[in-house]
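Here's the structure we're looking at; comments come further down.
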Amino acid sequence: EMCIRDRSTWGIKFFMSKNINFSLCSPSGRQLGDVSISADATIGDLKKEIQKKTGLNRYRQKLLYGDKQTALDKDDTVLSEYQVSDGQLKVKDLGPQVSWRTVFIIEYAGPLVIYPILYLLSGGDKHPIQNIACLLAVFHYLKREYESIFVHIFSKDTMPFWGQMKNHVHYWFLFGFAVGIEVNFFWQDPGYSQLFVYSLVGLFLMFEFLNQICHVTLRKLRTAGNKEDDSNQRSNRGIPFGWGFDQVSCANYLWESLSWAVFAILVRAWTAYIFWIVSTVTMTLWALKKHRRYFKEFDGKDGRPKYPRNRKAMFPYII
C-alpha cells in the first residue's frame, strides 16, 4: 500500500512538471515558431522564452491561448494553474510600453511645474488664498512623487505608451493649466474669514495625511513576507484594516477625493470643482473594480480569509 501511494505521488509530480508545447502565431495567423516550457514555469517565464524565439519584448506581449482565446496575463501565475496543454498560442504586439512608475512620475511632474509657473507669471500682489493654494498644490504633487518612487508597488510593470496620455490630460491640462489659470489670473476673492480658510487648510492636510497612511498600509500588505521578492510583492495582497479601511475598500481614494473637495471650496473656482468631480468619478470606478476583486480573492474558501461584507467600495454607507 505504501508503494502504491508513493508511485501515485510520483506520477502526479511527473505530470505537473512535464513540458507544454506551444505553437506560436500572430493574430493574423502567421506562424512564429514553437516553444516548449515546463508546466511549473510562470507566464513571465513563458514570455521570456517567446522573446528569445521571436525578438518581441516580453512587456509588449499579450498571450491568447486556444479556441476560447484565454488571456494569459498574470506574469506571476504558474502555467499549470491556467490548465493549459499543448496547443496554439497567439502572440499579440501591444506596441511601445512605458513603466507604471515612470508614468506616475511624469504625470505628477506636470502640475508640479505648470501651476507654480502660472502663479509666478500672474504677477502683482497675491491674495493669501492664492498663495496657500499654490503651496497646497505643490505639497500634494511632491507627496505623490515621493509615493511613486518609494511607496507604491505596481501590479504590472508597464502600460501602453499611448495609454498614459489621458492621465497627462487630467493632471497637466485640467489641473496644471485650467485650475492654474483660473485661480491665478481670473480669480475673485470669496470673502472667507481667516478662521474658515485655516480650517480648510487643516482639513486638507489631515486628508492628505490619512491618504499617505493608507498608501503605507497597502505597501505593508504587499511586502509582508516578501521583502526581497519583487515578483511576489506585485501579486501579494491582503485585507487592509484601519484608517478608513474598516468602512471602505479604497480609503486612500476616499481621502484624496475629500482633499480635492476641500481645495475646490478653498479656491472656489469652477475648474477646481470640475477637477474634483472628474477625479472622484474616476477613483470611484477604480474602487468598484478593486472592491469586486477583494470579494473574489478573499472568499473564505480553502483557508483564504473572508472579506468583510459590510464594507462599501469608496464612500461609507453609499457606494
Side-chain angles (χ1 to χ4, degrees), residues 62 69-77 94 100-101 103-104 107-108 140 143-144 147-148 151-160 162-171 174-175 206-222 224 233-264 272-301 304-319:
K62 181 174 182 178
Q69 299 290 280
T70 303
L72 309 183
D73 52 2
K74 296 181 180 180
D75 285 7
D76 305 314
T77 301
L94 295 174
W100 273 97
R101 197 175 305 279
V103 170
F104 274 49
E107 69 185 27
Y108 297 139
H140 173 82
K143 168 180 167 292
R144 297 314 301 267
E147 291 170 342
S148 298
V151 178
H152 292 320
I153 297 174
F154 300 96
S155 299
K156 295 183 178 180
D157 292 300
T158 64
M159 70 177 295
W162 296 109
Q164 64 179 317
M165 294 306 169
K166 61 183 179 181
N167 294 12
H168 295 343
V169 169
H170 180 70
Y171 290 104
L174 189 51
F175 187 88
M206 181 182 72
F207 293 143
E208 289 287 289
F209 169 76
L210 290 170
N211 174 262
Q212 166 71 12
I213 292 297
C214 286
H215 288 156
V216 172
T217 299
L218 293 173
R219 176 183 174 82
K220 288 180 178 178
L221 290 174
R222 288 292 188 97
Q233 287 178 8
R234 287 198 297 270
S235 60
N236 189 50
R237 291 187 180 89
I239 301 176
F241 291 95
W243 306 104
F245 283 117
D246 294 327
Q247 288 73 40
V248 296
S249 294
C250 298
N252 50 321
Y253 294 161
L254 169 65
W255 303 129
E256 179 154 357
S257 174
L258 292 176
S259 290
W260 288 124
V262 170
F263 184 88
Y273 282 111
I274 292 171
F275 179 79
W276 166 59
I277 291 171
V278 172
S279 299
T280 299
V281 169
T282 302
M283 288 188 287
T284 301
L285 294 175
W286 292 344
L288 288 169
K289 184 177 179 180
K290 291 184 178 182
H291 189 61
R292 289 191 293 268
R293 188 179 68 202
Y294 274 131
F295 277 106
K296 184 178 180 180
E297 290 185 0
F298 302 107
D299 55 8
K301 300 176 181 177
R304 292 184 293 270
K306 191 175 182 64
Y307 196 71
R309 296 289 170 179
N310 60 331
R311 289 189 189 182
K312 295 296 184 180
M314 181 169 162
F315 295 103
Y317 311 110
I318 302 174
I319 189 172

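Computed from a prediction, not measured in an experiment: that's the story for all the values here.
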Sequence neighbours excluded - salt bridge (charged side-chain N to carboxylate O under 4.0 Å, His left out) pairs with any residue from residues 254-263: R144-E256

Side chain N211, main chain N252, donor-acceptor under 3.5 Å: yes

Least distance between heavy atoms, [X] atom then [Y] atom:
X: T217; Y: P240; result: CG2-CB, 4.5 Å
X: Y294; Y: G238; result: CE2-O, 3.7 Å
X: A287; Y: M314; result: CB-CB, 3.8 Å
X: S249; Y: Y307; result: OG-OH, 2.6 Å
X: T280; Y: S257; result: OG1-OG, 2.9 Å

Residues in salt bridge (Lys or Arg N to Asp or Glu O under 4.0 Å) contact with K312, at least two apart in sequence or another chain: none

Salt bridge (Lys or Arg N to Asp or Glu O under 4.0 Å) partners of R309, counting only residues at least two apart: none

Going by ring pair (Phe, Tyr, Trp, His ring centres under 6.0 Å), name the residues that satisfy it together with [X], two or more places apart in sequence or in a different chain.
X: F245; answer: none
X: F298; answer: none
X: Y253; answer: W286

If you measure from [atom1] on [X] to [atom2] on [Y], what distance do you get to the nearest 0.5 Å?
X: L218; Y: I213; atom1: CG; atom2: CD1; value: 11.5 Å
X: E297; Y: D299; atom1: CD; atom2: CG; value: 9.5 Å
X: H215; Y: W243; atom1: NE2; atom2: CH2; value: 14.5 Å

So, using side chain to side chain contact (heavy atoms under 4.5 Å, CB included) as the criterion, who are the partners of [X] when residues are at least two apart?
X: I319; result: T284, L288, F315
X: V278; result: H170, L174, I274, T282
X: K296; result: none
X: F241; result: I239, D246, P308, R311

Contacts of type side-chain hydrogen bond (donor to acceptor under 3.5 Å, both in side chains), residue W255, not counting sequence neighbours: none

Under the side-chain hydrogen bond (donor to acceptor under 3.5 Å, both in side chains) test, residues paired with E208 that sit two or more places apart: H140, S259

More than 12 heavy atoms of other groups within 6.0 Å of K74 NZ: no

Centroid separation F275 to W260 less than 6.0 Å: yes

